[in-house]
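Here the structure comes first, spelled out in structure tokens, and everything after it is commentary.
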Amino acid sequence: MAKPKISEKRWSVDLEKRIQEEHYSDDSLYNNRYGFNPGSGKEVFVIDTPPPYPSGTWHIGAVAQYSMIDVIARSQRLLGKEVFFPWGVDRNGINIEFTVEKNTKRKMKSYDRAEFLQLCKDTIEEYTVAMRNTARRVGLSCDFAKEYLTDAPNYRSVTQAIFVDLFRRGEIVEDLRPNIYDPVEGTTIADAEVERLNRMTKLVDVKWYTESGAEVIISTTRPELICACGVVVVHPEDDRYRHLVGQKIVLPVEVENREATVEIRTHPSVKSEFGSGVLMVCSFGDQNDVAVFRELGLSPFQAIDLDGCMTSIAGPYSGLKVNDARAKVIADLEAMGAILQIVEKEQEVPVSERGKNPVEIILLKEWYVRQTHIQGRMREHIDDIEFHPPRNRQFLLDWMENISIDWPISRRRWYHTEIPIWYSEDNSRVIVPPPGTYVQPWKDVPPLGSRVLDRETRDDLGSWEDMQEDLGVIIGEEKVFDTWMDSSNSNLFVSGYINQMDTFEKAFPTGLRPQGKEIVRTWLYYTLLKSVLLFDKPGFKHVWIDGLGMDPWGRKMSKSLGNGIDADSVLECGAGGRTGSWRVKGPEKSVQLKANKIGSECFRLWKACDAQVGDDFHINPEEIEAKYFGVLTKIFNVARFASQFDAPNDLETLPSDLEVADRWVLSEFAGVLSAVKNAWESIDIFTAARAIKNFGTDVLPSHWLEMAKTRLYDGDLNAAWVIHRIVRDLLTIFSPICPFFCHHLSDTLYGTSAVDVDEYPISSIDDDSEAERLRSLTSTLCEFNSGTWRAKKEAGLSLKAEISGVKIPSEITEFEGALKAMHHLQ
RNA sequence: GGGCUCGUGGUCUAGCGGUUAUGACGUCGCCCUUACAAGGCGAAUAUCACCAGUUCAAAUCUGGUCGGGCCCA
């Protein structure tokens, strides 16, 4: 073999790391390659990447997903688009507050607010750095120079401007409504943040007496809420209690500032077979209570305050924490002989997703985004969005079916975007900041340019500077936004809304929203809601919804199952000769998984080839290596083989006197080029990856290369032209999946990098009926080759031995010369 | 408890009314063959989760069951 231009014997993780380091070290080169330049004149394609939340570890499934978003970004660049692939980090929210509380063993509300915010910021910064490193290690081509942080003023000011805009339009309202409230964390939460846990609770059968003295047993798990009881109900068909309906019944505990009796009424929601079949309805024990109160037109009692303590109506129990009050009520009732029995029972308790604290429903004045009136219009716009895969549109539509109340967006937390509003002394007017400014009303006065609005009508009454005198002592809002209020304008932010309106004109609706299916109901839904409320447009052209990364047996990875696999360990597997080893708990026993070399290129290739978008995928490092590292080696070897023959200077002009074998392989490749182009255009990574893999590891090396080998060794310039033209273009179309691999080979061989190509390669031959005819011979050719190899093996001949009596099928007699040379046919 | 979704050899995957059910990896056997044992040839491995139904014909359509997953209550 002549000396190949590619000196490395094989592809390795160390080589990969070296190329990556070069790639990321030169900022200006990097920026030229991947920076977003909206003035380039190319079609703008903005990707609304999911800003990851830095929490210490980045889930390997999410990293795999993110690498596929990178494949999309790179493939769109290759198609000639001006791609903005932003790098954002989501840093708002309760998670980091919890982390700080845990680290310092102090509750948030015991801190000075400003001091606590600084602690959060410092803590999250450490995690953010680790995340950036993983992002580079997996080869992301984000515009890191334009990194955005959702807790930075430029991001938060967009959220605030949108709030003011929607408030002026009447799409954001404030209202006193029953709210799901986490008394431990001291904040309102949304439906979406509630989950159910099974816990043991005491089901208490309490004796109540009607005014006429009849005993009625009522079962309850919440005896402390008897003070908030508004009505006692039975099922309308329940004959046992028919005679009691309409009577008054006495509350079995002492109360204050309210009547001590309630009426017995009927309601169809009562389950007669549960307990005694009599239900006390409190404001508000659960969602059903809320519904009953509304339906029966009762006015609610506030039994629990913002600190999770009983209010004054609880009489002797006022001031006690809910749990303490419950224990005391039970003890007192027992002492009075008012308890028939107590049963320990497993019950589903609604808890907050983050804090796992039992939630309460209490009346609070909160901010809401109106959403029920706009569902129909949203559906129309959603029809215009292309979903990948199409079936995942259903996740969104199903969620929308369930929407019945407005979206509560205010929270009583700190490390979030502040609600940008101040109230006049008489509460009739509000002050809002001008768009583009970030404000913190809990500590600042309104900035210059703020406007004064009527709180009810939202009429603009004048400027804050002019009206200051009339407003009295103003009060800044202390509440903050739900984090989804921030996240749901990520597409507007990255598309340039407010900050670069000229770019925004070209970039909205945003080109692509890639995300996991688990946050369809939140991130995707709320984003689309805002697009419709603000612009009456669909938010995106494409939505790409991927499945989740599972353990090797298809189960969710979790700390408690002990089946997690760390992303960095897979990406670093093989570096410096170190192998990877993972101890993973399987369904029956622990399993030791081992791999020698993986790295980012192999990892990306695996995800691209192995998992259809939208399906959950199993992550097993052993398989990733076994199935895909060989593919890299094969293509590497093809390129290395080609590199021993000089590349012609002109790879554009097709030589006129090509042999039929050359025209055949160019025809095959023309088919690959167009199939892959179609796939990249329709954001179909899987099809593109498979087509490239099949051609690059099978058709090209095993069949054409063997036919052309003799000619290549003999210095045939046509064959050299064909192999180099194909290798160059193959590396180009493969570069979105394995960018560093393709960069290295193309740069070494041709002095230009595959990752810099911004024009999709065109076929060197006309893809016409002649090409189609040649392609139709492919399977006959491949079968003939396999058959000949088999015949030699069966005859005990070496492959280079001469063989006679092999008959070339009549369809491919035009390949006779090439086949004779390849197989040494006589 | 409800909704949605997925269920094809050990693993991944094609197919989407008529195929001897595709391909890849892995496994096993044989072969060092001048880019490549990271290769070549061959073999075994699938009642297409299960049960009913529609049809001349079902992996494919319908209903149900079970299992994984997501979401909700």
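Numbered from 1 within each chain, the chains take letters A, B, ... in sequence-line order. Predicted model, so just to flag it, every value in this text is computed and none were measured.
Rounded to whole Å, atom P of B:rU11 lies 15 Å from atom OH of A:Tyr628. One atom, CG of A:Asn785, and another, C1' of B:rG39, lie 15 Å apart when rounded to the nearest Å. Across the protein-nucleic acid pair, A:Asp616 atom CG and B:rC12 atom C1' stand 14 Å apart, rounded to whole Å. As rounded to whole Å, 13 Å separates atom C1' of B:rC12 from atom CG of A:Leu605. When the C1' atom of B:rA24 is taken as reference, atom CD1 of A:Ile624 falls 16 Å away, rounded to whole Å. Taking atom CE on A:Met822 and atom C1' on B:rG40, their separation rounds to 11 Å, with Å as the unit. Atoms CD (A:Glu783) and P (B:rG42) sit 11 Å apart, rounded to a whole Å.
A close approach under 4.0 Å does not occur between any side-chain nitrogen or oxygen of A:Ser786 and OP1 or OP2 of B:rG40. Contact annotation: A:His618 does not reach the phosphate of B:rU11 (side-chain N/O to OP1 or OP2, under 4.0 Å). OP1 or OP2 of B:rC70 sits under 4.0 Å from a side-chain N or O of A:Lys556.
Backbone-only contact: A:Leu548 has heavy atoms under 4.0 Å from sugar-phosphate atoms and none from a base. Within the 4.0 angstrom heavy-atom criterion, base atoms lie near A:Pro701.
Checking B:rG26, B:rG69, B:rG42 against every side-chain atom of A:Ala626, the shortest atom distance belongs to B:rG26. The side chain of A:Lys693 lies closest to B:rA24, out of B:rA24, B:rC4, B:rC36. When each of B:rG40, B:rC12, B:rG26 is scored by its nearest atom to the side-chain atoms of A:Trp789, the top-ranked nucleotide is B:rG40. For A:Arg690, the side-chain atoms get nearest to B:rC12 when compared with the rest of B:rC12, B:rU5, B:rC41. Of the candidate nucleotides B:rC36, B:rU13, B:rA24, B:rA24 has the atom lying nearest to any side-chain atom of A:Lys627. Counting only heavy atoms from C-beta on, A:Arg790 has its side chain closest to B:rC41 among B:rC4, B:rG39, B:rC41. Taking only side-chain atoms of A:Arg391, from C-beta outward, the nucleotide of B:rC6, B:rC4, B:rG69 with the closest atom is B:rC6.
Here the separation of B:rC12 from B:rA46, taken at their C1' atoms, is 14 Å to the nearest Å.
Seen from the ring of A:Trp523, A:Arg513 counts as a face-on cation partner, given the 6.0 Å and 45° thresholds.
Using N1 to N3 plus N6-O4 or O6-N4 for Watson-Crick, or N1-O2 and O6-N3 for G-U wobble, each under 3.5 Å, B:rG67 pairs with B:rC6. Pairing for B:rC28 is with B:rG42, a Watson-Crick or G-U wobble pair whose two hydrogen-bonding atom distances lie under 3.5 Å. Summarising the base pairing, B:rC56 is matched to B:rG18 through a Watson-Crick or G-U wobble pair whose two defining distances lie under 3.5 Å.
Looking only at atom types and distance, the side chain of A:Asn785 has no donor-acceptor partner in the side chain of A:Thr788 under 3.5 Å away. Residues A:Tyr526 and A:Asp482 bring no donor and acceptor atom of their side chains to less than 3.5 Å of each other. Judged purely by distance below 3.5 Å, without hydrogens or angles, the side chains of A:Asp662 and A:Trp721 never pair a donor atom with an acceptor atom. No side-chain donor-acceptor contact under 3.5 Å links A:His388 and A:Asp546.
The aromatic rings of A:Phe734 and A:Phe741 lie perpendicular to each other, with more than 60° between the two planes, well past the 30° mark.
For A:Lys793 against B:rC30, a side-chain-to-base donor-acceptor contact under 3.5 Å is present. Taking 3.5 Å as the limit, the base of B:rC36 and the side chain of A:Glu706 contain a donor-acceptor pair of atoms between them.
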